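One structure below.
Letters A, B, ... mirror the listed sequences (proteins, then strands); counts begin at 1. Small disclaimer: the values here were computed from a predicted structure and weren't measured.
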Amino acid sequence: MTESRRLDRLTSMMRRRGIVLPSFEIYGGVAGLIDYGPVGARIKRKVIDAWIHHWTSGGDIVEIDSPTITPKSVLVASGHVGEFNDHMSECKNCKSVFRSDHLIEAVHPNPDTLDGKQLDSLIESNGVKCPNCNEKDWADARPMNLMFPTTIGAMSNGREAYMRPETAQGMFMLFPSLYRHFKQKLPFGAVQTGRGYRNEISPRQGMIRLREFNMAELEYFIDPQNPPSGDLSSNKSEICLIPDPEGEFAGDKQMTFEEACGLGIIRHSTVAWFMSRTYGFLTGIGIDPHKIRFRQHAGSEMAHYATDCWDCEILGEYGWIECVGIANRTCHDLESHESHSGTNLMRSWRQFETPKKISGEALSPVGSVIGPIFRQRAGEVSSALSNLDEIPPSFPFKLALNDGSEVEITNDMATISKVDRNLHGEWFTPHVIEPAFGIDRIIWHLLDHSFVEDGKDEEEYVTLRLNEAICPYDVSIMPLFDKDGMDVYARSIFDKLLAIRGIQIDLDSSGSIGKRYARADEIGIPWAVTIDHTTLQDGTVTIRRRDDQVQVRVDSDDLFKHVSSGTIESLF
RNA sequence: GCGCCUGUAGUGAAGGGGUUAUCACAAGAGGUUUCCAACCUCUUGUCCCGGGUUCAAAUCCCGGCGGGCGCACCA
């Protein structure tokens, strides 16, 4: 039983039992696209439900839902269009492919601002050699667009759009609505689960790198001057932390979140709080706590929008895989959307404890003089005058306009007036802390960590020790014999349990009872209820616990009660 | 995108120019007082797709698609 074969056995089982399968297989399949089968879709639903509940149960976070089709302008503002239109250069000699901007990093301060032709000419003029074979024979740079383009509108004059590469932009678009919903008080957050799309060059590793994938993202809006944090001391677990290798705390650490935050390893208290709650979520649905670590991004690998980022990595058959990214996105997105869209709604009001007294002098433009002199430009001159921070000591003076030109202002064009008022607060752009979860990757690791092969002797016996919160079926009903009235009795229990909202029940009457237990164990059904001869006499059934095969006999009424309340465990 | 390896029932495998493609497990029907993958009978179901070579291709060749690994990429 070598470890690499375990991966094969797990993926075979997932196909065979309808958990996760390649998509469109009868047409040859498509790399990077997967289906969740009948069993897998149940697991996925439960993981997402658990995730939504985990974050919204505090009352300060709400769920939203926005389109996957996103107009280009939104993604220009977010930076994705620029970031995603990287160019690739191919060495004609050895066929190696490199990012064009990386090739000329040494000779240009901002290579990612260049277009294809500029990149080619710089590569040519600087004689850049292929890092692989040292030749200088480059093909023209080709854009590598990692977003799926589409068009809104069926006709040729449709609007350019992309399938969203992340769900986060939906939360930013709704910031004004969220701000009103939360009575204009920070902090608050919004979550969204749904599909994201990235046209990966080469998807690999099963459900780890997909082209269409399930994300669950949370944007938590805070006042940067008053960053909130929950009670970190409630989590006593020692966590594996890998701080920024270029920073002062380089080197693996093992400590609580509270300690790491106190020492400044985690730089932001709100980030620390979300790391702790992320840890709580993952372990709560069945991720092995010993296979979780948090790795801080070095400055050089940080996403274009983030100033501090921790990846939560989970260990599985593919090694350590990033499953959650917790980033401090600061005010980047809201500010960028405000300037690109021209709105002024992406802000929050910060009330001063005591109003600030503003007294000073201000220039008031005299319209009747400015108008005739500057004509079309009069409006611009007036607003430039009003916005002057410092009043020049004497007239006339040169006033700079937005277009770069200067005009002369004489003393008849403006009057100086005294200003006295109280400032009760100020507008600012909230900062955003974003935990972003890769749901498919988390599901993979849940399956990986639950997949236990512990057959006696030579025989392999597979149990999927899934946490009850995410099991595909809650209970499997098994008539010991599929006759003599046991079949009818089983059916009646099946129907009655199925009627309970949110409960999924499996009914299995084929094959020997041992085989049925094995089938149920393999897809992680935690409880098996058996109807036998005694049931027909006194209405009691046996309940078998998946993880240790222990059975108890209870009245079927008690079964209904405990299934409804999710307290079967208390019967043991 | 590149290189190497690879693709046979639901799953895992054997076969490697020539009768009707083989096996195990799984699945379906029936039988068996059947509580931890028991047994018996019967049944269903497979050569990734497209070209080429050949009298004959699952087998050899080419291309595509998919998978694994390495390089590159992974906001």
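When heavy atoms are screened at a 4.0 angstrom cut-off, A:Asp521 is found touching no nucleic acid atom at all. Backbone-only contact: A:Gly206 has heavy atoms under 4.0 Å from sugar-phosphate atoms and none from a base. Among the atoms of the strands shown, none is found under 4.0 Å from any heavy atom of A:Glu322.
B:C23: Watson-Crick or G-U partner is B:G12, with both key distances under 3.5 Å. When Watson-Crick and G-U wobble pairs are counted only if both distances are under 3.5 Å, B:G3 pairs with B:C69. The base-pairing partner of B:A29, taking Watson-Crick or G-U wobble contacts with both distances under 3.5 Å, is B:U41.
OP1 or OP2 of B:C35 has not a single side-chain nitrogen or oxygen of A:Thr542 nearer than 4.0 Å. The side chain of A:Ser512 places no N or O atom within less than 4.0 Å of a non-bridging phosphate oxygen (OP1 or OP2) of B:A37.
Residues passing the side-chain hydrogen bond (donor to acceptor under 3.5 Å, both in side chains) test with A:Glu522 are A:Arg16, A:Arg17, sequence neighbours excluded. Scanning for ring-ring contact (aromatic ring centres under 6.0 Å, His included) contacts around A:Phe175 gives A:Tyr179, A:Phe188, A:Phe221, with sequence neighbours left out. A:Arg544 is linked by a salt bridge (charged side-chain N to carboxylate O under 4.0 Å, His left out) to A:Asp521, counting only residues two or more places apart in sequence or in another chain.
When the nearest nucleotides of RNA chain B are assigned to A:Pro203 and A:Thr530 by heavy-atom distance, the more 5′-ward of the two goes with A:Thr530.
Side-chain proximity of A:Arg204 to the nucleotides B:C35, B:C69, B:G67 is greatest for B:C69. Distance from the side chain of A:Arg209 is smallest to B:C73 among B:G67, B:C73, B:C35. In the set B:C36, B:C35, B:G28, B:C35 carries the atom at the smallest distance from any side-chain atom of A:Arg553. Of the candidate nucleotides B:A26, B:C74, B:G1, B:G1 has the atom nearest to the side chain of A:Ile201. Closest to the side chain of A:Glu200, from the set B:G66, B:A37, B:C74, is B:C74.
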Using the 3.5 Å cut-off, write out each protein N or O paired with an N or O of nucleotides 31-33 of chain B and the distance between them.
none

Show each protein N/O and nucleotides 9-11 of chain B N/O combination with a separation under 3.5 Å, one pair to a line.
| residue | atom | partner | partner atom | Å |
| --- | --- | --- | --- | --- |
| B:U11 | O3' | A:Ser12 | OG | 3.3 |

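Taking the six-membered ring where the residue is Trp, A:Tyr197 and A:Phe148 present perpendicular rings, their angle passing 60° and hence far from 30°.
As rounded to whole Å, 15 Å separates atom C1' of B:G66 from atom CD1 of A:Ile34. Across the protein-nucleic acid pair, A:Ile523 atom CD1 and B:A37 atom C1' stand 15 Å apart, rounded to whole Å. Between the CD1 atom of A:Ile513 and the P atom of B:C36 there is a distance of 9 Å, rounded to whole Å.
Listed by first and then second residue, the salt bridge (Lys or Arg N to Asp or Glu O under 4.0 Å) pairs that reach into residues 66-80 of chain A are A:Lys72-A:Glu160, sequence neighbours excluded. Pairs of residues two or more places apart, or lying in two chains, that qualify as salt bridge (Lys or Arg N to Asp or Glu O under 4.0 Å) and include a residue from residues 507-517 of chain A are A:Asp508-A:Arg519. Listed by first and then second residue, the salt bridge (Lys or Arg N to Asp or Glu O under 4.0 Å) pairs involving residues 471-489 of chain A are A:Lys46-A:Asp474 (not counting sequence neighbours).
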Listed pairs under 3.5 Å, donor-acceptor, residues 19-31 of chain A side chains, sequence neighbours left out:
| residue | atom | partner | partner atom | Å |
| --- | --- | --- | --- | --- |
| A:Ser23 | OG | A:Leu33 | O | 3.4 |
| A:Ser23 | OG | A:Ile34 | N | 3.3 |
| A:Ser23 | OG | A:Ile34 | O | 3.1 |
| A:Ser23 | OG | A:Asp35 | N | 3.2 |
| A:Ser23 | OG | A:Asp35 | OD1 | 2.8 |

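With a 6.0 Å radius and a threshold of 12 heavy atoms from other residues, nucleotides or ligands, A:Arg45 has its CZ atom at or below the threshold.
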